[in-house]
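Okay, structure first, notes after.
First the proteins, then the strands, lettered A, B, ... as listed; each starts at 1.
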Protein chains: 4
Amino acid sequence: MQAAMQVFAQEGYEKTRVEDIARAAGVGKGTVYEYFSSKEEIFEQAVVKGTEEYLASLERELAAQLSLEDKLLAVARQHLHFMVSQRDVARILASSPGLILPRLKQLMLDIRREIEDKVVRVIAAGIKGEHLRQVDTYLAARVFLGGLSAVAGPHCFQEESWELESTAQEICRIFLTGVVKRQSGSGAARFPSVSPC
Amino acid sequence: MQAAMQVFAQEGYEKTRVEDIARAAGVGKGTVYEYFSSKEEIFEQAVVKGTEEYLASLERELAAQLSLEDKLLAVARQHLHFMVSQRDVARILASSPGLILPRLKQLMLDIRREIEDKVVRVIAAGIKGEHLRQVDTYLAARVFLGGLSAVAGPHCFQEESWELESTAQEICRIFLTGVVKRQSGSGAARFPSVSPC
Amino acid sequence: MQAAMQVFAQEGYEKTRVEDIARAAGVGKGTVYEYFSSKEEIFEQAVVKGTEEYLASLERELAAQLSLEDKLLAVARQHLHFMVSQRDVARILASSPGLILPRLKQLMLDIRREIEDKVVRVIAAGIKGEHLRQVDTYLAARVFLGGLSAVAGPHCFQEESWELESTAQEICRIFLTGVVKRQSGSGAARFPSVSPC
Amino acid sequence: MQAAMQVFAQEGYEKTRVEDIARAAGVGKGTVYEYFSSKEEIFEQAVVKGTEEYLASLERELAAQLSLEDKLLAVARQHLHFMVSQRDVARILASSPGLILPRLKQLMLDIRREIEDKVVRVIAAGIKGEHLRQVDTYLAARVFLGGLSAVAGPHCFQEESWELESTAQEICRIFLTGVVKRQSGSGAARFPSVSPC
DNA sequence: CATGAATGAGCCTTCATTCAT
DNA sequence: CATGAATGAAGGCTCATTCAT
């Protein structure tokens with residue numbers, strides 16, 4: 001239910017009243033219970049529904065024959081796109097998992113883990129192919145996804161606006177080669193002291 | 001109030017009952033209202049109190065004469081340390097800002113922004129000093145902090161365990177120079193296609 | 001409606017949902033309202049319908065030329081048979097009259113009173129014919145019917161099983177001549193003290 | 001809670017609203033939940049509380065060294081007294097056990113059974129002492145108690161008025177020696193046919 | 001100053017009843 | 001004529017807040 005996702009995203013699980021969802025959907029309160037057996041179930045289905053398309057797209061893209069770079073770029077695009085197009089669900093997923101009902105917490109952790117695992121596999125392949133150095137795959141995956149979420153977050157929460165494609169590219173670039181300026185000749189004394197700021 | 005922070009972190013704002021806080025603090029329910037005028041105020045003060053030490057430490061460290069690398073390292077250490085030692089508050093801050101009372105939402109956004117700005121300034125200095133390439137400072141700051149939070153998050157929420165110092169170093173390294181393996185000679189054809197995974 | 005009586009008996013008036021009745025009857029929920037204007041009316045008609053056959057049979061039997069004993073036996077048989085065969089309705093009638101809607105309360109009291117009156121008339125005739133001693137007819141009638149109901153009740157509610165004919169005879173015998181052992185010679189000192197039990 | 005018993009007795013379990021109980025008790029709705037955890041528990045405690053005095057009195061009386069007749073008389077007095085003085089609880093107990101929540105049903109059946117067993121023991125002792133003929137003890141006990149309840153019932157439900165002591169005596173007399181007129185000489189042709197009524 | 005009993009607004013959920021199809 | 005989706009009033013229960021002790 002589109003209406004449910006919006007209201008949940010706007011108000012959060014606890015503050016959302018079933019009556020609000022009903023009104024948002026343009027139906028009576030009782031009608032909601034014709035389709036869902038409880039408020040918890042509405043939430044669960046809203047999350048599952050809102051996530052599955054994203055997960056499916058991700059799966060599809062990563063199955064293709066792509067370079068490491070393009071795979072990360074695909075993840076970045078999909079993730080940013082998900083957070084923009086499904087901002088309601090993304091907002092829900094972003095809420096700390098500790099803060100809601102146990103059953104739902106598990107559901108959300110599972111989804112996060114599923115995404116994480118996909119990235120882990122891409123990175124692991126990169127390491128195996130000797131394109132990446134020996135990083136902790138889980139740590140790296142989290143850094144990558146965390147970076148993406150942190151960039152998209154303000155968009156979701158504060159209506160900032162940005163350009164998706166260039167953002168995705170820049171985040172990938174940071175993740176792959178860092179922010180340091182490639183100094184032509186040397187690797188020496190790369191990080192001299194900077195003045196206090 | 002230490003007690004309040006713990007309970008809020010454990011249960012979330014909505015699920016926390018004032019009586020729980022009182023019991024955790026070892027006082028009567030009425031006594032809580034001697035010191036705070038409402039549940040919302042308890043929450044607010046708990047967040048402010050739990051954050052201010054972190055913010056102060058950060059301020060202090062960044063005021064010192066340090067290399068860019070060391071400054072980022074300091075941020076990483078402080079941030080990870082904050083998320084571990086004040087996991088209660090961190091957990092609260094991590095909950096999506098849209099999900100709580102409007103007044104508190106602003107408070108939390110302000111805090112995030114304050115941290116973000118510090119990192120932005122470090123990065124801006126790095127760019128000015130030509131140590132970093134021309135990245136969008138806010139984007140980079142968010143990627144950095146998002147990476148940190150994403151790595152520490154599972155620790156807060158799921159009791160994972162890890163070693164702080166090495167984690168901080170690795171995240172800084174990824175942020176600065178990326179995950180790509182430095183190939184001695186060339187920069188050419190750096191990311192060949194990898195097989196599907 | 002047979003279905004209604006069964007459901008009412010199974011679940012009680014309050015717990016029965018109109019939808020249950022509809023399903024039990026194999027029709028749609030709306031269809032029920034084609035034949036009855038409200039839940040209360042369904043209940044009323046179910047009780048009336050379930051009772052009228054019993055009342056008619058009783059009427060018929062008592063109209064016959066029978067001895068006092070046989071009339072009571074007829075009442076006993078009919079009452080027990082009613083409580084077994086129409087256990088659904090009996091169960092409904094057994095629920096305390098104070099516990100349901102005012103209008104239905106009156107209906108049920110009327111039915112009870114009707115049965116009671118029949119027994120009262122039998123007893124009154126017995127007294128007039130000097131076969132029975134001068135007992136309060138209403139009191140005696142209630143004792144008789146109360147005894148019958150109390151014996152049959154556990155059958156209705158707890159699935160006990162017993163033989164109707166012998167039970168009817170024994171209850172009549174108790175009512176007519178009591179449980180005391182007829183001591184051949186004397187009526188003296190009939191109830192000596194017994195030890196505590 | 002006196003108030004609860006009254007309201008339950010007046011309205012029945014289902015129709016009683018917790019708010020009614022609260023109002024009857026002169027307190028707020030929430031206050032009720034300070035002392036009981038649920039509506040069901042209020043009911044349970046009301047029944048237990050209202051019954052225990054009756055059960056205790058019965059126990060005490062039957063423990064005494066009394067003749068069979070006096071014991072039954074004691075039961076009759078206590079039972080009638082209970083139904084008058086605790087008419088609220090009696091009314092609750094009288095409601096058909098099938099009609100309420102399973103847990104409460106069992107509670108009520110247990111109480112009934114406890115009373116029944118006491119009478120069964122009295123009767124069994126009477127049979128053993130050869131004062132009573134070989135009747136089915138459970139059947140007899142139910143007839144006796146059913147008679148008592150049926151007589152007292154209308155008092156509870158319809159405000160009839162009667163004299164307890166003489167009623168108790170008459171019911172015992174019927175139970176012990178029946179309603180038949182003791183004809184001096186003979187037992188022959190005791191129940192001649194009576195005309196239709 | 002500390003307390004916790006009392007309060008009642010508010011929310012999830014049920015279900016008798018209606019009515020468009 | 002039959003249906004069942006839609007409805008909203010009503011009730012059980014929670015909990016932030018107050019206030020008499």
- Note on the structure: Taking Watson-Crick and G-U wobble contacts under 3.5 angstrom, with | marking pairs to another strand and [ ] crossing pairs, the secondary structure of DNA chain F is written .||||||||||||||||||||
- Task: Using the closest heavy atom to pick a nucleotide of DNA chain E for each, name whichever of D/G28 or B/V27 lands nearer the 5' end.
- Result: B/V27
- So, A/E41 and A/Q45: side-chain donor and acceptor under 3.5 Å apart, yes or no? yes
- Query: Are the side chains of A/R17 and A/K29 in touch, meaning some heavy atoms are under 4.5 Å apart?
  - Reply: no
- Message: Both conditions, 6.0 Å and 45 degrees, for the charged tip of D/K39 above the ring of D/Y13: are they met here?
- Response: yes
- Query: Mind checking whether A/F43 and A/F8 have parallel, tilted or perpendicular rings, split at 30° and 60°?
  - Reply: perpendicular
- Count the heavy atoms of every other residue, nucleotide or ligand shown that sit under 6.0 Å from CD of C/E52, and state whether that count exceeds 12. yes
- OG1-CE distance between A/T51 and A/M108, expressed to the nearest 0.5 angstrom: 9.0 Å
- Task: Assign a letter to each nucleotide of nucleotides 10-16 of chain F from its 5' end: B, base within under 4.0 Å of a protein heavy atom; S, sugar-phosphate only; -, no contact.
- Result: BSSBBSS
- Query: Can you give the first and last nucleotides of DNA chain E, 5' to 3', that have an atom under 4.0 Å from a heavy atom of chain B?
  - Reply: E/dA2 to E/dA6
- Is any NZ, NE, NH1 or NH2 atom of the basic residue among B/R113 and B/D110 found under 4.0 Å from an Asp or Glu carboxylate oxygen of the other? no
- Reported CD-to-NZ distance for the pair B/Q2 and B/K49, which is rounded to 0.5 angstrom: 6.5 Å
- Message: Once you apply a heavy-atom cut-off of 4.0 Å, does B/F36 come out as touching a base, just sugar-phosphate, or nothing?
- Response: nothing
- Task: Starting at CD1 of D/I111, measure out to CD of D/Q106 and round the result to the nearest 0.5 Å.
- Result: 11.0 Å
